[in-house]
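Below is one structure, written out as structure tokens, with a few remarks after it.
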Amino acid sequence: MHIYRQLTMYKYNKLLDIVLLAIIVYHLLISPYSKVEESFNIQAIHDIINYGVFPQENISYNYDHNNFPGSVPRTFVGSLAIAGIAKVIQSFTSLIGLDNVIFKDQSQLNLQILVRCVLGFANGFAFMKIRDSINQISLRDRISKRRGLIGFWFMILLISQFHILYYSSRTLPNFIALPLVSYAISKIIVGDMSGLTWLAFTGIVFRLEIGLFGVIIALVSSFIFGQSNISLNLIMLCVGTVVGLITTLTIDSYFWGYWLVPELVSFKFNIISGKSAEWGTEPWAAYFNKYIWQLFRPPIVLILTLPGIMHDPADDKISTASINKTPDEKKIEVTHPAKNSLRILFVSSLLFVVAMSFQPHKEWRFIIYIAPVLTLQAANGFANISIRWSTSVFNKLLILICLAFVLIGILLSVVMGYISSFNYPGGDALLFVNNYISNNHDKEFLIHMDVASCMSGINKFGEIHNNSAITYDKTEDEFDLLTIWNDIDILIAEVNFNEIDAIHASSKLTYNPNNWKIIHSSDKYKGISVIPIIQLIKEQRMNSYTIPALLTQIADEFIHIKFNTIRNLIQSMVIRSNYLYVYERVSPDEGLDELIEELKDQVSYKSRESDNPDLNEVDLNDLREDLNDEINNLEEEFTS
């Protein structure tokens, strides 16, 4: 009986683990597509799985990054690891004969879901590792009847958060790195400073700010708390950096075809050259005033960090002297680095945000690494409060309020996940196109996807494979696009051909509505309407049973794992607007050939007029800009 009581909170671990992974999968399935921020890694994973990594000429010919390299090169290390795991799983399904059932050749969307599951589960298991580490060092567990209390509340508070779980399966560099950061944190919690090696490795390979986080932890642990040796910490950081440098230099130089360390190139481009400011700047305090509050809504985690600071789980001030035990058990010894480990991580997280605030360009994902630490500190505070449940009515009321906020957070996470599913119209449009052309097997299709569609859910996992009759085109240059314009059969574009004024204002290409037919439109999220709620309140005034009946119906559906009523209610509150249009060509644009020939003459003329008559030595970038201006003028004459 005594053992059972000591294991009370541990018995919920498996249930909470399942719930955590289920929420990650829920967000993944409801929003299976990716956006532009994830594009490099998701495309790289696709290419590694489908084209392989040998020989190097295969990479040069097939890989997406050769045509769309981005502003700075990114590392292939994470993509290679995820693709490798997914490939093993795919090979296993092929071995047992399920490959054609799960991963159909006609569409690789299920393979993309598998890839994201690999990353999402990696993050989920890393969070569980943090939970186990905090329980391992908690002295309260040795003298309390409720062991594992901090880890229990850590999982509860984590489940109530939206951003970290919604993005856990998304191939942003920050979230590919997050499992390694969480693993490093779990090691530091138990006093193993080799966690600094993992942070340094992750920093030089994936995101340099993670290396900064490791340096701050090393300094705080050594100089503020005196819990570790600074020389040893620096050695740990150096080892991780050297191993990471060798790893990224070897792998990324192979994939990019020249010697480089992507994160150092990115550092030079974004920090030294200040190019990141081109994506927007914000005041110094934006992380504290804005982004941290966005990560924790409602802010129950931030509130609970206050009582969490009061006591560190591994503080040896807790004693069992008042408990009847043998003399050897009366004093609890804690290994040196584990003492104050949570305080070290908490203070380091705050200093990390301070340091990151000096960078003008700010995004919440740049500081996502502090979320597990703040959640741990809040869980410690929650444990400090809940252990005093029976001491007063005030404590009971306080705990119930905290639980209410947690429940609100969980509901908000589910609702926000559903709303976020409307942010990927490109994926929806491409899925429609694939289904549409599947009924025309005997026809060849050239499908062009504009920039807006590619930025909102389209990637190579959404394309039909092993069908030479279908070609997907993402040409961005206007002159090159003009040369294939009449060959395009299906067009996915942001512009509405029926709004001529808007077309001329937003595009430089010729869109003649008489030559195209709209066959589909994809919506995007625009806002939230409270009109359905107001209408519900009005009906409640007329009939007092309206809301109780609605709640009863929702509860009954929940018991039977059905959510039709709540889904319809949320759907009625979501305001959407047309964003992308799918067009089928009706007829070719007349006179386009003459326009192209005239533009070619422009190229020849500018070549002859240049200082060097050799066209290969002409500044092609300047020439192309001049030609695009010419296209504007000629198209206005053409469409008139």
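Values below: every heavy atom of this structure, side chains too, minus hydrogens, waters and symmetry copies.
For Ser253 (side chain) and Leu249 (main-chain N/O), a donor-acceptor pair under 3.5 Å exists by modelled atom type. Asn66 contributes no side-chain N or O that, together with a main-chain N or O of Tyr61, makes up a donor-acceptor pair within less than 3.5 Å. No side-chain donor-acceptor contact under 3.5 Å links Tyr63 to the backbone of Tyr51.
Tyr472 meets the side-chain hydrogen bond (donor to acceptor under 3.5 Å, both in side chains) test with Asn434; sequence neighbours excluded. Contacts of Thr471 classified as side chain to side chain contact (heavy atoms under 4.5 Å, CB included), with partners at least two apart in sequence or in another chain: Leu446. Under the salt bridge (charged side-chain N to carboxylate O under 4.0 Å, His left out) criterion, Glu278 pairs with Lys275, not counting sequence neighbours. Applying the side-chain hydrogen bond (donor to acceptor under 3.5 Å, both in side chains) rule to Arg567 yields the partners Asn564; only residues at least two apart in sequence or on another chain are considered. By the side chain to side chain contact (heavy atoms under 4.5 Å, CB included) test, Ser60 is found to be paired with no residue, residues two or more places apart in sequence or in another chain being considered. Residues passing the salt bridge (charged side-chain N to carboxylate O under 4.0 Å, His left out) test with Glu209, sequence neighbours excluded: Arg207. Checked against salt bridge (charged side-chain N to carboxylate O under 4.0 Å, His left out), Glu282 has the following partners two or more places apart in sequence or in another chain: Lys290. Residues meeting the salt bridge (charged side-chain N to carboxylate O under 4.0 Å, His left out) test with Arg74, sequence neighbours left out: Glu263. Scanning for side-chain hydrogen bond (donor to acceptor under 3.5 Å, both in side chains) contacts around Tyr418 gives Gln571, with sequence neighbours left out. Applying the side-chain hydrogen bond (donor to acceptor under 3.5 Å, both in side chains) test to Glu584 and every residue at least two apart in sequence or in another chain returns Tyr436.
In terms of heavy atoms, Pro425 sits closest to Asp523 at CB-O, 3.4 Å. Residues Asn123 and Ser168 share a closest heavy-atom pair of ND2-O, 2.8 Å. For the pair Val414 and Tyr26, the tightest heavy-atom approach, listed with the atom from each and the gap, is O-OH, 2.9 Å. The minimum heavy-atom distance linking Ala429 with Ile492 is given by the pair CB-CG2, 3.9 Å. Of all the heavy atoms in Tyr579 and Ala452, the pair that sits closest is OH-CB, 3.6 Å. The shortest non-hydrogen separation linking Ser420 to Tyr424 is O-CE1, 3.2 Å.
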Donor-acceptor pairs under 3.5 angstrom involving side-chain atoms of residues 76-84: please list them, not counting sequence neighbours.
unit_1	atom_1	unit_2	atom_2	d
Ser79	OG	Asn41	OD1	2.9

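Within a 6.0 Å radius of OH in Tyr258, more than 12 heavy atoms belonging to other residues, nucleotides or ligands are found. Ile531 CD1: 12 or fewer foreign heavy atoms inside a 6.0 Å radius.
Checked against a 6.0 Å centroid threshold, the rings of His27 and Phe162 count as neighbours.
Rounded to the nearest 0.5 Å, atoms CZ (Phe422) and OG (Ser522) are 12.0 Å apart. Of the inter-residue distances, the one linking Ile464 atom CD1 with Ile447 atom CD1 reads 6.5 Å to the nearest 0.5 angstrom. Atom OH of residue Tyr33 and atom CG of residue Asn423 lie 13.5 Å apart, to the nearest 0.5 angstrom. Interatomic distance, Asn578 CG to Lys524 NZ, rounded to the nearest 0.5 Å: 10.5 Å. The CH2 atom of Trp364 lies 6.5 Å from the CG atom of Leu295; values are rounded to the nearest 0.5 Å. The OG1 atom of Thr202 sits 11.5 Å away from atom CG of Leu208, with the distance rounded to the nearest 0.5 Å.
Between Thr475 and Trp485 the shortest side-chain heavy-atom distance does not fall below 4.5 Å. In this structure, the side chains of Thr248 and Leu264 stay at 4.5 Å or more apart for every pair of heavy atoms. Looking only at side-chain heavy atoms (C-beta outward), Glu463 and His46 stay at 4.5 Å or farther from each other. Within the 4.5 Å cutoff, no side-chain heavy atoms of Leu114 are placed close to those of Asn110. Looking only at side-chain heavy atoms (C-beta outward), Ile528 and Ile419 come within less than 4.5 Å of each other. Side-chain contact between Pro55 and Asn58 is present, with heavy atoms from C-beta onward closer than 4.5 Å. Using a 4.5 Å cut-off on side-chain heavy atoms (C-beta onward), Val433 and His520 make no contact. Considering only heavy atoms from C-beta on, Phe92 comes within 4.5 Å of Ile96 through its side chain.
A side-chain donor-acceptor contact under 3.5 Å links Ser453 and Asp450. At a cut-off of 3.5 Å, with distance as the only test, a side-chain donor of Asn459 or Ser34 sits close to an acceptor on the other residue. Checked by atom type, the side-chain pair Glu363/His361 shows a donor-acceptor distance below 3.5 Å. Side-chain atoms of Tyr369 and Asn174 form a donor-acceptor pair, as typed in the model, at a separation below 3.5 Å.
Residues in residues 28-54 take part in these salt bridge (charged side-chain N to carboxylate O under 4.0 Å, His left out) pairs, two or more places apart or across chains: Glu38-Arg170, Asp47-Lys460.
Both the sub-6.0 Å distance and the 45° axial angle are satisfied by Lys474 relative to the ring of Phe68.
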Worked verdict on His65 versus Ile59 for side chain to side chain contact (heavy atoms under 4.5 Å, CB included): CA-CA 9 Å; His65 73 281; Ile59 296 173; 3.8 Å; yes
Verdict with reasoning, Cys454 to Val451, per side chain to side chain contact (heavy atoms under 4.5 Å, CB included): CA-CA 5 Å; Cys454 292; Val451 174; 5.8 Å; no
Audit row: His163, Tyr166, side chain to side chain contact (heavy atoms under 4.5 Å, CB included) steps and yes/no: CA-CA 5 Å; His163 284 85; Tyr166 180 82; 6.0 Å; no
Verdict with supporting geometry, Val115 and Leu119, side chain to side chain contact (heavy atoms under 4.5 Å, CB included): CA-CA 7 Å; Val115 164; Leu119 177 58; over 6 Å; no
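Ring geometry for Tyr583 against Tyr581 counts as tilted: the plane angle lies between 30° and 60°, on a 0 to 90° scale.
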